[in-house]
Amino acid sequence: MDNSTQKKSSIFSVITASSVGTMIEWYDFYIFGSLATIISIKFFPPGNETAAFLSTLATFAAGFVVRPFGALFFGRLGDLIGRKFTFMLTLLLMGGATFLIGCIPAYETIGFMAPVLILTLRLLQGLALGGEYGGAATYVAEHSPKGKRGFMTSWIQTTATVGLFISLVVIMLTKYSMSKEAFLNWGWRVPFWVSIVMIAVSFIIRRKMAESPVFAKAKEEGKTSTNPLKESFGNKYNFKFVLLALFGAVMGQGVVWYTGQFYAMSFLEKVMGLSEQVGSIMLWGIAFATPFFLFFGWLSDKIGRKWIMMTGIFIAIISYRPIYESMYQINNVKNKTEIVDKAAKSAEIKIVNETLSDSVYVTSKAFTDGTTWKETKTFPLNSQKQVILNDKGEKKMDVKIEATVNSAGKWTLIFWIFVQIFFVTMVYGPIAAFLVEMFPVQIRYTSMSLPYHIGNGIFGGLLPAIATALVLNAKTANKIAEAAGLGIPFDKPYLEGLWYPIIIGAVSLCIGIVYLKNKNNTAHD
C-alpha cells in the first residue's frame with residue numbers, strides 16, 4: 001500500500017470516528033427537543049399545557065445557554081492536554097446525562113424534583129456539547145490536507161442534522177412499535193435509553209484514535225499554551241477575531257440553523273397542529289438537504305467561505321416570512337370547503353387528580369381536499385367543579401389543534417423544510433473550516449469554541465422559546481384589542497416569531513460583509 005492510500009485511509013478513519021461520536025452527541029441533545037411536548041406533560045405541573053410547553057422550551061434553551069461555559073472549560077482542557085482526551089470525556093458526560101433523563105420519575109411521582117432534575121441534566125448536556133464540537137472540528141481540520149479543509153470538516157457539519165434525523169427515526173420507530181397509550185406512558189423513555197448503547201460503541205471507536213498530529217507536534221516542541229483562556233481573550237488582537245467570528249458569522253448562522261430545523265418543527269406541530277405528520281415531513285426535508293453540507297464545504301475550498309455563508313444568511317432572512325406564510329396557508333381551514341356531514345362535537349369532564357379536573361370540548365371537522373382538523377379546548381376546574389380564573393379574572397383555557405394535510409400539502413411542506421435546511425447548509429457547511437483558520441494551533445480549541453457556542457447556543461438556542469413567546473404575545477395583543485373594540489395590531493400573529501432570526505441575521509450579515517475576508521486563511525497551517 002502506497003503512502004497516499006495510507007493517508008486517505010487515515011483521514012477516512014479520523015472523519016468517521018469524529019463524525020459518529022459528534023452525531024451521537026447531537027442525537028442525545030436533540031431527542032429532548034423532539035419530545036418536548038411529552039416532556040412538558042410528564043415533568044411540569046398539570047393544568048396549563050401552554051405554560052408547561054414554554055417551560056420545556058426554556059429548559060431546552062438552558063442547555064444551549066451553558067454551552068459557552070462548556071466551550072471555555074473543555075476548550076482550555078483541549079488546548080492544554082489534547083483534543084482526543086477532551087472529547088472522549090464530553091462523550092461520556094453527554095451519554096450519562098441523556099440516559100438518566102430517561103430514568104427520572106414523572107412530576108406526579110416526585111413533584112418539583114422532576115423539573116429540577118431535568119434542568120440539571122440538561123445543563124450537563126449543554127456543558128458536554130460545548131466541549132465536543134470544537135474538539136471534533138479541530139481534530140478533523142488538523143488532519144486535513146491543504147486545500148480540502150472545508151470539505152473534510154463539512155462531514156462534522158452534517159452530524160447535527162443527521163443527529164436530528166436519527167432522533168426522529170428512533171422516536172417514530174418506538175411510536176409505531178407500541179400503542180399510543182404505551183408510548184405516552186413509558187415508551188418515550190426508550191430513545192433516551194438507546195443512547196447509552198450508541199455512546200459505548202462510539203467510545204470504543206474513539207479510544208483507538210491517535211492525537212492530532214498538529215497538536216502533538218506543537219506539544220513536542222513546547223509550543224502549546226500555558227494559559228489558553230488568557231491568550232484567547234486577554235490578547236486584544238486575538239479577541240478581536242473572536243468577536244468578529246461571533247457577530248460576523250456564527251450569530252447569523254445560529255439563527256438560520258435553528259429556524260430551519262427547530263422553529264420549523266415547532267411551527268408545524270404547535271401552530272399548524274400537524275403533530276402526527278411532523279416527523280415524516282422533517283425526515284424527508286432533512287434527507288434531501290443534508291448532502292449540500294458537503295457540497296458547500298467543498299465549494300468553500302474552491303471559492304472561499306465568506307460569500308457562501310453571507311449569501312445563505314441573506315436569502316434566508318428575506319425568504320422566511322413568505323415561506324412560513326405559504327406553510328401556514330396549506331392547512332388554513334378558512335380557505336377550504338368543509339364536509340358538513342363529518343363535523344362532530346363532544347364535551348366531557350376528565351379527572352386530573354383528587355382536587356383538579358378538566359372540562360374538555362372537542363370539535364372535529366373534515367374538508368373536501370382531505371384535510372382533517374380537530375380543536376380541543378380544555379378548561380381546568382377546581383374541587384367544586386368551577387372554572388379556574390387566571391390573574392386577569394379570565395377563564396383559564398388551553399387550546400390544542402390537531403390536523404392532517406393531504407399528500408400534496410405534505411410534499412409542499414417537505415419542499416419548504418428542504419429549502420430552509422438548504423439555507424442552513426450554505427452557512428453551516430463552511431463554518432467549521434472558517435473558524436479553525438481564524439486561530440493559531442495553541443489556542444484554537446478555546447478560541448473557536450466560544451464564539452461558536454455563543455452564536456449557536458445562545459442566539460440560536462434561545463430562538464424556539466423567544467419566537468414562540470413572540471407569537472403568543474401577538475395573539476394576546478390581538479385578543480385584548482378585539483375585546484376593546486379596536487383594530488387588531490397583528491394581521492398575521494403566527495409570523496411574528498420570525499422577526500427574531502430576521503433581525504439577528506441582518507445584523508450579522510452587515511458585520512460579516514464589511515469585516516470578514518473571503519480568502520481562506522492558511523497562515524496557521
query = Does a donor on one side chain sit under 3.5 Å from an acceptor on the other, for Gln253 and Asn456?
reply = yes
Whether over 12 other heavy atoms sit under 6.0 Å from Phe314 CZ = no
query = Given side chains that start at C-beta, do those of Val170 and Ser195 come closer than 4.5 Å, heavy atoms only?
reply = no
task = Name the orientation class of the two ring planes belonging to Phe422 and Phe292 (parallel below 30°, tilted from 30 to 60°, perpendicular beyond 60°).
result = perpendicular
key: Student check: side-chain heavy atoms of Ile454 and Arg67 closer than 4.5 Å   = no
query = Do the side chains of Ser449 and Phe74 get nearer than 4.5 Å, heavy atoms only?
reply = no
ask   = Should the pair Tyr139 and His143 be assigned to parallel (<30°), tilted (30 to 60°) or perpendicular (>60°) ring geometry?
value = tilted
ask   = Is the number of heavy atoms from other residues, nucleotides or ligands within 6.0 Å of CZ (Phe233) greater than 12?
value = yes
inquiry  = Name the residue from Ile414, Leu164, Val169 that meets the side-chain contact (heavy atoms from CB on, under 4.5 Å) definition with Leu283.
reply    = Val169
inquiry  = Looking only at side-chain N and O atoms, does Ser144 offer a donor or acceptor that is under 3.5 Å from a partner on Arg149?
reply    = no
task = For Gln420 and Thr259, test the side chains for any donor-to-acceptor distance below 3.5 angstrom and give the result as yes or no.
result = no
ask   = What heavy-atom pair brings Val436 and Arg444 nearest, and what distance separates the two atoms?
value = O-NE, 3.1 Å
remark   = Looking only at heavy atoms, the pair that brings Ala160 and Trp257 closest together is CB-CZ2, 3.1 Å
ask   = Are Met327 and Met272 close enough that some pair of their side-chain heavy atoms sits under 4.5 Å apart?
value = yes
message = Which label fits Phe262 and Tyr258: parallel for a plane angle under 30°, tilted from 30 to 60°, or perpendicular past 60°?
response = parallel
request  = Would you confirm whether Thr109, through its side chain, and Pro105, through its main-chain N or O, come within 3.5 Å as a donor-acceptor pair?
outcome  = no
